[in-house]
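On a predicted model such as this, the values are computed, not experimentally measured, just so you know. Here is the naming used below: chain letters follow the sequence lines, and residue numbers restart at 1 for every chain.
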Protein chains: 2
Amino acid sequence: MPSAENDKPNRETYRHGDLRNALIEAGLELARQGGPEAVVLRAATRQAGVVPNAAYRHFTDRNALLQAVSQTAMAHLARTMEAEQAALPPATDEAAAARARFRAVGTGYLRFAQEEPGLFRTAFHVPGDMAHAAAPTAAGAAGKTPFELLGAALDDLVKAGLLPEDRRPGAEFLAWSAVHGLAALLIDGPLRGLHPTQAHDAGQHVIDMIERGI
Amino acid sequence: MPSAENDKPNRETYRHGDLRNALIEAGLELARQGGPEAVVLRAATRQAGVVPNAAYRHFTDRNALLQAVSQTAMAHLARTMEAEQAALPPATDEAAAARARFRAVGTGYLRFAQEEPGLFRTAFHVPGDMAHAAAPTAAGAAGKTPFELLGAALDDLVKAGLLPEDRRPGAEFLAWSAVHGLAALLIDGPLRGLHPTQAHDAGQHVIDMIERGI
DNA sequence: CTCCGCATGTGGACAGCGTACACAAGGCTG
DNA sequence: CAGCCTTGTGTACGCTGTCCACATGCGGAG
């Protein structure tokens with residue numbers, strides 16, 4: 001009598017009850033293992049124990065499903081970044097704390113990229129429009145998207161006097177570019193397969209460069 | 001006697017003669033317009049005026065074809081970077097020249113990403129192994145791959161005394177990360193659709209950051 | 001100069017994909 | 001309790017990548 005995500009034939013109620021979320025969850029698992037191109041509509045419906053066309057009651061498109069999965073993956077990224085900040089040891093002074101929080105943004109970003117490459121690639125696979133990377137569905141526990149977390153960390157850097165105010169505008173794009181680029185090189189670029197500790201060092205070097213050059 | 005890439009039925013010789021290259025060429029055009037996922041085996045063979053299975057005499061896989069297209073796209077990138085350096089005005093002194101050549105590496109890279117986003121994404125779409133980004137098929141006119149062009153520019157920076165020798169090791173990954181990340185943001189990230197001049201400015205800012213932080 | 005082997009292109013088939021259309025089930029509102 | 005409208009089903013189509021057996025004819029052996 002239980003069982004809702006089994007094979008095809010058995011479900012006790014005609015209605016699934018929560019198909020939309022079930023599809024997103026299934027898509028998320030597919031994305032985790034194989035990246036965005038592995039998010040296959042028919043596979044997701046199969047996992048949800050439903051016929052392929054049922055998906056069209058909740059998503060106009062395979063693309064719409066992928067979009068929803070992508071948003072959720074982005075939210076996971078946000079949570080990893082938040083966790084990285086939360087795990088920070090108490091800092092001696094406010095400036096050190098701001099600096100540590102800023103670095104944690106980048107470190108968490110890179111950690112997620114390496115631990116969940118499929119989800120990371122899916123989060124940044126945006127066929128249509130990425131403007132809604134700022135959508136609330138992409139936010140973490142604190143309601144902030146990865147982009148907003150970075151912006152907040154930069155603001156703190158300014159407040160702490162570690163970043164001149166006139167350098168603040170546009171700084172998120174400098175920092176984001178560097179960290180995102182490294183993530184790309186690590187995931188499927190020439191730095192792929194780097195030992196995790198080496199990858200961590202590379203990440204710290206990139207963040208050093210950002211601090212110096214921002 | 002000419003005419004080899006027509007419709008399906010007409011080709012005068014039973015053998016195509018240069019099918020492998022024809023398929024790569026067709027794939028390149030598909031990639032230009034729609035990125036890596038647009039490189040469809042059947043479409044390429046159609047364009048070459050050949051039956052789908054003919055492709056399997058030259059590529060084991062769709063993936064093998066895509067790989068070949070990707071390499072060619074990488075070579076185009078190399079040529080764009082070389083062109084950017086070649087277009088440099090004569091510099092006053094050697095240090096200025098080295099610096100200009102270094103910046104041209106990044107500027108050319110970003111120019112290609114924006115002018116040919118489909119090819120750029122295809123060049124960096126490496127399903128299997130990207131180790132052979134250093135393969136000769138990925139090189140430009142001077143026989144250097146994009147990665148090697150960057151390395152050479154950095155070496156010149158050291159020779160010109162603009163980059164301390166102890167900062168040289170691993171510097172390519174710092175620079176590459178930053179520029180590649182910006183390219184990603186510009187192509188299908190939140191910076192997409194930026195006015196070309198604004199995009200150019202963003203590129204210069206990122207390169208500024210690299211010069212400061214490297 | 002002829003003949004035949006083997007590389008190259010053809011034809012047909014299959015499973016899997018996204019998606020459109022008409023139909024079935026059954027909870028919700030009146 | 002009736003019926004509507006949302007949700008899930010069934011069937012079908014064209015597209016994809018790929019497998020298999022077969023056809024063709026170029027180039028070297030005789």
Would you say A/Glu116's side chain and A/Arg32's backbone share a donor-acceptor pair under 3.5 angstrom? no
Within the 4.0 Å limit for protein heavy atoms, which parts of nucleotides 23-28 of chain D are touched? Write it as a string from 5' to 3', B for base, S for sugar-phosphate only, - for none. BBB---
How long is the straight-line distance from CZ of A/Arg20 back to CG of A/Leu65, given to the nearest 0.5 Å?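 The distance works out to 9.0 Å.
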When all nucleic acid strands are considered with a 4.0 Å heavy-atom cut-off, which category describes A/Arg42: base, sugar-phosphate, or nothing? base
I'd like to know if A/Asn53 reaches the base of C/dG18 with its side chain, counting only an N/O donor and acceptor under 3.5 Å.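 It does not, because no donor-acceptor pair links the side chain of A/Asn53 to the base of C/dG18 below 3.5 Å.
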Assess whether atom CZ of A/Arg212 is packed by more than 12 heavy atoms of other residues, nucleotides or ligands within 6.0 Å.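 Enclosed.
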Protein-nucleotide distance (B/Leu41, atom CG; C/dC17, atom C1'), rounded to Å: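 It is 16 Å, rounded to the nearest whole Å.
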Expressed as a whole number of angstroms, how long is the span from A/Arg62:CZ to C/dA20:P?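 The answer, rounded to whole Å, is 15 Å.
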Between A/Gln47 (side chain only) and A/Ala26 (backbone N and O only), is there a donor and an acceptor less than 3.5 Å apart?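 Here the side-chain-to-backbone pair does not exist.
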Between A/Gln114 (side chain only) and A/Arg111 (backbone N and O only), is there a donor and an acceptor less than 3.5 Å apart? no
Taking the nucleotide of DNA chain C with the closest heavy atom to each, which residue, A/Ala43 or A/Thr60, is nearer the 5' end?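 Its nucleotide being nearer the 5' end, the pick is A/Ala43.
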Does A/His58 make a side-chain N or O approach to OP1 or OP2 of D/dG8 shorter than 4.0 Å? yes
Separation of C/dT8 C1' from B/Leu23 CG (nearest whole Å): 12 Å
Atom pair distance, as rounded to whole Å: CZ in A/Phe59 and P in C/dC17: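 My rounded result for the distance is 18 Å.
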Closest to side chain of A/Val40, choosing from D/dT16, C/dG18, D/dT9: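 Output: C/dG18.
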Does any N or O in the side chain of B/Thr72 come within less than 3.5 Å of the main-chain N or O of B/Ala68, such that one atom is a donor and the other an acceptor?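 Here the side-chain-to-backbone pair exists.
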Atom CZ of B/Arg46 and atom C1' of C/dT10: how far apart are they, to the nearest Å? 16 Å
Proximal nucleotide (of D/dG8, D/dG17, C/dT19) relative to the A/Pro52 side chain: C/dT19
Report yes if the distance between the aromatic ring centroids of B/Phe124 and B/His180 is under 6.0 Å, otherwise no. yes
For A/Asp61 and C/dC17, give me the distance from atom CG to atom C1', rounded to whole Å. 14 Å
Between P of D/dG10 and OH of A/Tyr56, the distance in whole Å: 17 Å
